[in-house]
Trainee: 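The structure that follows is given in the form of C-alpha cells.
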2 protein chains.
Amino acid sequence: MAGIKEVAARAGVSVATVSRVLNDSPQVSEQARAKVSAAVEALRYRPNAVARSLRTEATHTLGLIVGDIVNPFFAVLARAVEDEARRAGYTVVIGNADERPERQDHYVRTLLEQRVDGLLICPTAEVTPLIRDCAAAGGPLVFLDRTLPGLDVPSVRVDGTAAIGELIRHLHGLGHRRIAFISGPEPLSTGRERTRAYADAMRATGLRIREEYLEAGDFQAESGRAIAGRFLDLPEPPEVIFAGDNLMTLGALDEIRARGLRIPDDVALASFDDVGWFVHVDPPITAIAQPAEELGRRAVRALLERAEGRPVEPVVLPARLVKRRSCGETGRTQR
Amino acid sequence: MAGIKEVAARAGVSVATVSRVLNDSPQVSEQARAKVSAAVEALRYRPNAVARSLRTEATHTLGLIVGDIVNPFFAVLARAVEDEARRAGYTVVIGNADERPERQDHYVRTLLEQRVDGLLICPTAEVTPLIRDCAAAGGPLVFLDRTLPGLDVPSVRVDGTAAIGELIRHLHGLGHRRIAFISGPEPLSTGRERTRAYADAMRATGLRIREEYLEAGDFQAESGRAIAGRFLDLPEPPEVIFAGDNLMTLGALDEIRARGLRIPDDVALASFDDVGWFVHVDPPITAIAQPAEELGRRAVRALLERAEGRPVEPVVLPARLVKRRSCGETGRTQR
DNA sequence: TTCTGCCGTGTAATCGTTTCCACGAGGGAG
DNA sequence: CTCCCTCGTGGAAACGATTACACGGCAGAA
C-alpha cells in the first residue's frame, strides 16, 4: 500500500509537506495543498494510523470491557459508549469478559499493549493483580456500572437503592409480605449494593428478612431459574420473587412458567433492570429501569477528562421504578 | 512507560535478545532468558503493540461492522465473532453502523487506517464507492449476514428461503389465507431474499399475494409498529402478520397490543429471526431461528483463511422454523 | 593444531509517520 | 541598501519494536 513517500514523490514535494497537508496545518501554500491532494486521490493513499500512533503516542482508541455483550443492558451501554466516543473522534474496542476475571485480564493486557488512550471497565468480581497495577499506574481508567473496593479509580454507576426501597414499599402496599430476592454475585459491587438495599428496605418497611428468601446468582439466566426453583420448593414459598438483573428475571420467568404457575396470583415477579420486551410478557413485568445510555455517555466524558489530566469525580445516577402488572393490580400501569 | 531498551539495559543484554525472549525464539540461552524475564517483571514492561505492528505489518486485529449492536441478532453474532477471533489470537474492533451507509463508511475508513488484518462487514444498503474500492483492492474482506451485488467478496450468510416456505405452509395448514409481510429494506440482500421467499412460497401454496399486504420496513421496531398499524387499518386486514426481523416483530406486537387485539384470534404473528424472550410472550411467538453463533464462527474462519491467501467459498447456513402458539394451535408447541 | 560449523549475541537498518530545526526567498522598515 | 521577520519548505531525527547480518567463542573433526 502506498505510503506518504510515494505521495510526496508524485506531488513533487517533501514528506514533511505531505504530512502538513494531511493534518491541515496552516503552514502550507494552496499550491502545495492542491498537488498533494491530487496525489493522495490518485494513489488512493490511506494514512497508516499505526505509524502515526507510534510517533504521536496517541491511538484515539478507547477500550471497553463489558460483562456480557449479549445482556441487553451491556449492549445498550456499549452502543452509548461507542456513540459518544465516535462523536469525540475515538474508536472503541469492545472486550467481552463473559464475567470471567481471567478473560477480563486478557483484555486489559491486550488493550494496554494496544496503547488505548483510555480504558472503561465493568469489573468482574475480584481485584486481580493486573487491575491493581493499572489503578496504581494511574493511566486513564474508569470503572463503569460496577466499582472495586480499595482502588483509587473513578467510577460511573447507577444507584438503585432508592428505587429498590420504592419497590419494596410498592409490594408491601399490594399486600405482599414474603418477598424473596435473587441477588447478584457477592463480589460484584452491584450485587452487594442491591442486596443491601433490599435488606434495608425490608427492615424499613417492617418486613422480616428470611435467610431462605435470599440467594445469590451469577447474573445469568440459568442461575435465576435454579434459584427461583428452590424458592418455589420451600414449604412456605414467597409471594414475590425479585430478581437482581434482567437475565435472572428471564430465568425465573422460565421456571415459573414451567411449573404452570400464574403471575401474579401464584407468585409475583419483579426485576432489577428493565428491558424492552418486559411490557409484552403477560402480565408485563414490574422493573427498575437503569439509565444505561446516560451511563455510557457520562463514562466516556469522564474518561476523556481523565485522559486530559483533569480530575474527575464519581458519577452516580438514580434508577427508576416502573410499576407494571406482574406484582398485582395497581390501577393504571406504566409502560 | 518502560520500553525494550530499558529492559535490555537492566538485564545487561541487547534489545535483540530481549525481543527474542519476548517472542520466545529458541535462539537464546536459559541464562539470558532468566535475566530478561526478571527485568520485564521488575519494570512491569508491556510490549508496545503499535510499534510491533508497524514493523511486522500485522495487527492481530479484526474489524467487525454490524448493523446495530442492540439488535439481539447482531449482539449474538458479535459475541460469536469475538469469541472465535480470540481463540485464534485476534482482537475485534466493533463498529456500529446504525444501518447508515455513511457511518458504515466511517468505520471502514477508520479500520483500514488502523490496518486491521481483516474486515467483516454486514453491509448497509448500498454499494458505496469506498466499499467498491476495498473489494477491488482485494484486502481480506468478508460480508457477513448480508451480501452486496456485483462485488467479488465472499459472504457468510443464512438462507431462510426453505424455512419461510415451511412457515407459509404451516400457516396455510392452520387455515390462514391472508398473510401480510413486513419486509426488510429493498437494498438489503436479506430484505430482498425474504421478500422473494415469501412471494414464492405464497404462490407455491396457491395463495394470493396482495400488494397491500406487503410493505418494507427498515429493520427497526418503529417501522414494524407503523406498518402493522397500516395493515390493521385495511378494510380487509390480514389474518397473519409476518415480520422480517425481530425488532419489527416487537414493533408489530406493540401495535397489536395497543389496539387491544388478541393473538392469534384477532391476528396471528410470526417473526423472521428468533430471540430468547419470544417464548415468554403470551402466546409464545412462532419464529424462524437463525444460527447466529455458527454464522459468526464461520465468518471468522473464512476471513482468516482469506487473510492467509487461501481461496474461500461462500457459506450459506439454513434457518429453522420454530412453531409456537402465536399463529394458532398446532398440538404441541416447541420451545 | 587448525579448520569448520553452530550457537548465542549484538549492531544497525527498517517500518510510516510527525515534528524540530534550518534555510532561502521575499517584503517591509529603517 | 541592509536588516529582519515571515512564510513555505525540506532534511533528518525520533517513536519502539523486529530481524538480517556479522561476529566471537567453543566444540568436534581432521
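The sequence lines fix the lettering, A, B, ..., with proteins before strands; numbering per chain opens at 1. For the numbers below, each heavy atom of this structure counts, side chains included, while hydrogens, waters and symmetry mates do not.
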Trainee: What verdict does the side-chain contact (heavy atoms from CB on, under 4.5 Å) test give for Leu22(A) and Ile4(A), after you've listed the backbone C-alpha separation in whole Å, the side-chain angles of each residue and the deciding distance to 0.1 Å?
Mentor: CA-CA 10 Å; Leu22(A) 289 159; Ile4(A) 204 175; 4.2 Å; yes

Trainee: What pairs with Asn71(B) under side chain to side chain contact (heavy atoms under 4.5 Å, CB included), at least two apart in sequence or on another chain?
Mentor: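 Per chain and number, Asn71(B) pairs via side chain to side chain contact (heavy atoms under 4.5 Å, CB included) with Asp68(B), Phe73(B), Phe74(B), Asp245(B), Asn246(B), Leu247(B), Asp273(B).
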
Trainee: Side-chain donor-acceptor contacts of residues 116-139 of chain A below 3.5 Å, not counting sequence neighbours, with atom names and distances?
Mentor:
from: Asp117(A); atom 1: OD1; to: Thr59(A); atom 2: N; distance (Å): 3.0
from: Asp117(A); atom 1: OD1; to: Thr59(A); atom 2: OG1; distance (Å): 3.2
from: Asp117(A); atom 1: OD2; to: Thr59(A); atom 2: N; distance (Å): 3.3
from: Asp117(A); atom 1: OD2; to: His60(A); atom 2: N; distance (Å): 2.5
from: Thr128(A); atom 1: OG1; to: Asp105(A); atom 2: OD1; distance (Å): 2.9
from: Thr128(A); atom 1: OG1; to: Asp105(A); atom 2: OD2; distance (Å): 3.2
from: Thr128(A); atom 1: OG1; to: Ile131(A); atom 2: N; distance (Å): 3.2

Trainee: Below 4.0 angstrom, which residues in residues 53-62 of chain A have at least one non-hydrogen atom near DNA chain D?
Mentor: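 Close to the strand are Leu54(A), Arg55(A).
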
Trainee: Identify the 5'-most and 3'-most nucleotides of DNA chain D with at least one atom closer than 4.0 Å to a non-hydrogen atom of chain B.
Mentor: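 So the contact region on DNA chain D extends dG16(D) to dT19(D).
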
Trainee: Who pairs with Glu193(B) by side chain to side chain contact (heavy atoms under 4.5 Å, CB included), at least two apart in sequence or on another chain?
Mentor: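 Applying side chain to side chain contact (heavy atoms under 4.5 Å, CB included) to Glu193(B) gives Arg157(B), Asp159(B), Thr161(B).
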
Trainee: Only counting residues at least two apart or in another chain, list the ones meeting salt bridge (Lys or Arg N to Asp or Glu O under 4.0 Å) with Glu57(B).
Mentor: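 Testing Glu57(B) for salt bridge (Lys or Arg N to Asp or Glu O under 4.0 Å), a comparison that skips the adjacent residues, returns none.
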
Trainee: For DNA chain C, find the residues of residues 16-28 of chain B with a heavy-atom distance under 4.0 Å and give them by number; none if there aren't any.
Mentor: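 Residues of residues 16-28 of chain B under 4.0 Å from DNA chain C: Ala16(B), Thr17(B), Arg20(B), Gln27(B), Val28(B).
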
Trainee: Do any side-chain atoms of residues 31-47 of chain A form donor-acceptor pairs under 3.5 angstrom with protein atoms, and if so which ones, sequence neighbours left out?
Mentor:
from: Arg33(A); atom 1: NH2; to: Ser25(A); atom 2: O; distance (Å): 3.2
from: Ser37(A); atom 1: OG; to: Arg33(A); atom 2: O; distance (Å): 2.8

Trainee: What residues in residues 31-47 of chain A put a non-hydrogen atom under 4.0 Å from any atom of DNA chain D?
Mentor: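 Listed by number, they are Ala32(A).
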
Trainee: Under the side-chain hydrogen bond (donor to acceptor under 3.5 Å, both in side chains) definition, can you give me all pairs with a residue in residues 85-97 of chain B, not counting sequence neighbours?
Mentor: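 Every side-chain hydrogen bond (donor to acceptor under 3.5 Å, both in side chains) pair that includes a residue of residues 85-97 of chain B, provided the two are not neighbours, is Asp83(B)-Arg86(B), Asp83(B)-Arg87(B), Glu84(B)-Arg87(B).
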
Trainee: Please round to 10 degrees the angle between the axis of the first five pairs and the axis of the last five pairs in the helix from dT1(C)-dA30(D) to dG30(C)-dC1(D).
Mentor: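 The end-segment axes of the helix from dT1(C)-dA30(D) to dG30(C)-dC1(D) are tilted 60° relative to each other.
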
Trainee: Residues in side chain to side chain contact (heavy atoms under 4.5 Å, CB included) with Arg192(A), at least two apart?
Mentor: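 With sequence neighbours excluded, Arg192(A) shows a side chain to side chain contact (heavy atoms under 4.5 Å, CB included) to Glu186(A), Ser189(A), given in chain and number order.
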
